[in-house]
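Letters go in sequence order (proteins before strands), and every chain restarts at 1.
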Amino acid sequence: EAAVTQSPRNKVAVTGGKVTLSCNQTNNHNNMYWYRQDTGHGLRLIHYSYGAGSTEKGDIPDGYKASRPSQENFSLILELATPSQTSVYFCASGDRQHTEVFFGKGTRLTVV
Amino acid sequence: GDSVTQTEGPVTVSESESLIINCTYSATSIAYPNLFWYVRYPGEGLQLLLKVITAGQKGSSRGFEATYNKETTSFHLQKASVQESDSAVYYCALGDYNQGKLIFGQGTKLSIKP
């Protein structure tokens, strides 16, 4: 069964702290994505990857880094978290033709 | 940057009536964008409804159709006669096979009145 697993599911972080959101997929997909979802904005692309070792900037990459050490894993890193990064973050994996796209259940991040 | 804008939801349509959900896009970093409509039925994951990779072409699936219009940068989703089973959230998306980039619109929740 296709699966995208995110951890943690909920996180409270302090301003200026480092936060790492992890994502694992068992779909053997080349592409992986990190989006954030805020009211009125829908899904906004932060970083994506088309294979192990690659990371590409999406539309709102400022303040975020990404890491794709393997086909299965894709992390999102906030080196210095700010309250404006409070949001729900979704990881997704997809095939090259975008025919299959599977989303994780989301991580609710609150930066105080 | 690249972006997708679609009809603000929620949208309610009576059964057997026609439907149009508007989608317009901006592709500044993708030379040859591919366009998609995805759907999420209640309790299910996101699934591809239709896709078009060539400007001027029309895609169709399950009675829905959308035409890739490069001049107006639009990809509106239409159906002549909706059914109750079409109740779902619909997402327009813009992608690039070469880079792997995939951008979604904000989603449009569609409810069908019996």
Side-chain angles (χ1 to χ4, degrees), chain A residues 1-6 23 25-62 64 66 68 71 74 87-106, chain B residues 1-11 21-30 32-41 43-54 59 61 66 68 75 88-109:
Chain A
E1 185 174 312
V4 176
T5 305
Q6 295 182 227
C23 180
Q25 57 110 350
T26 57
N27 309 313
N28 198 31
H29 285 153
N30 291 99
N31 299 337
M32 293 188 74
Y33 309 89
W34 277 107
Y35 298 91
R36 62 179 282 178
Q37 185 167 43
D38 304 285
T39 304
H41 287 283
L43 289 165
R44 291 187 289 173
L45 183 64
I46 306 170
H47 283 286
Y48 63 102
S49 166
Y50 52 80
S54 88
T55 60
E56 305 293 330
K57 293 181 180 179
D59 295 311
I60 53 164
D62 293 344
Y64 303 93
R68 181 90 182 269
Q71 178 85 338
F74 190 42
S87 187
V88 181
Y89 292 84
F90 287 94
C91 176
S93 75
D95 64 354
R96 286 202 188 280
Q97 291 75 35
H98 304 309
T99 302
E100 281 189 343
V101 181
F102 298 121
F103 279 81
K105 294 183 184 297
Chain B
D2 306 311
S3 65
V4 176
T5 304
Q6 58 184 103
T7 299
E8 192 86 22
V11 171
I21 299 177
N22 291 328
C23 172
T24 57
Y25 68 89
S26 171
T28 57
S29 72
I30 302 173
Y32 301 100
N34 304 314
L35 300 177
F36 308 86
W37 277 101
Y38 292 89
V39 58
R40 188 193 304 274
Y41 296 105
E44 298 183 18
L46 197 72
Q47 54 186 279
L48 180 67
L49 179 61
L50 57 87
K51 67 177 179 181
V52 180
I53 62 174
T54 305
S61 174
Y68 185 160
F75 191 56
V89 181
Y90 293 81
Y91 294 89
C92 185
L94 166 72
D96 175 9
Y97 288 165
N98 291 327
Q99 297 176 28
K101 194 173 188 180
L102 185 63
I103 297 169
F104 290 89
Q106 73 270 38
T108 302
K109 184 174 182 180

Contact class of A:L43 relative to chain B, heavy atoms under 4.5 angstrom: both
Over 12 non-hydrogen atoms of neighbours within 6.0 angstrom of OH in B:Y41: yes
Close side-chain approach of B:L102 and A:V101, heavy atoms under 4.5 Å: yes
Residue B:F104 versus chain A: region with a heavy atom under 4.5 Å: both
Distance, nearest 0.5 Å, that separates OG of B:S29 from NZ of A:K57: 13.0 Å
Heavy-atom contact with chain A under 4.5 Å, split by part of B:D96: backbone
B:Y68, OH atom: more than 12 neighbouring heavy atoms under 6.0 Å: yes
Residues which pass salt bridge (charged side-chain N to carboxylate O under 4.0 Å, His left out) with B:D2, listed by chain and number, not counting sequence neighbours: B:K101
Worked check of side-chain contact (heavy atoms from CB on, under 4.5 Å) between A:Y48 and B:I103: CA-CA 10 Å; A:Y48 63 102; B:I103 297 169; over 6 Å; no
Distance in Å, A:D59 CG paired with B:T28 OG1, rounded so as to fall on 0.5 Å steps: 7.5 Å
Top contributor to chain A interface from B:Q106, B:E8, B:Q47 [non-hydrogen pairs under 4.5 Å]: B:Q106
Winner by heavy-atom pair count (cut-off under 4.5 Å) against chain B, out of A:R96, A:R44, A:Q37, A:Q97: A:Q97
Distance-minimising heavy-atom pair for B:Y38 and A:H98: OH-O, 2.6 Å
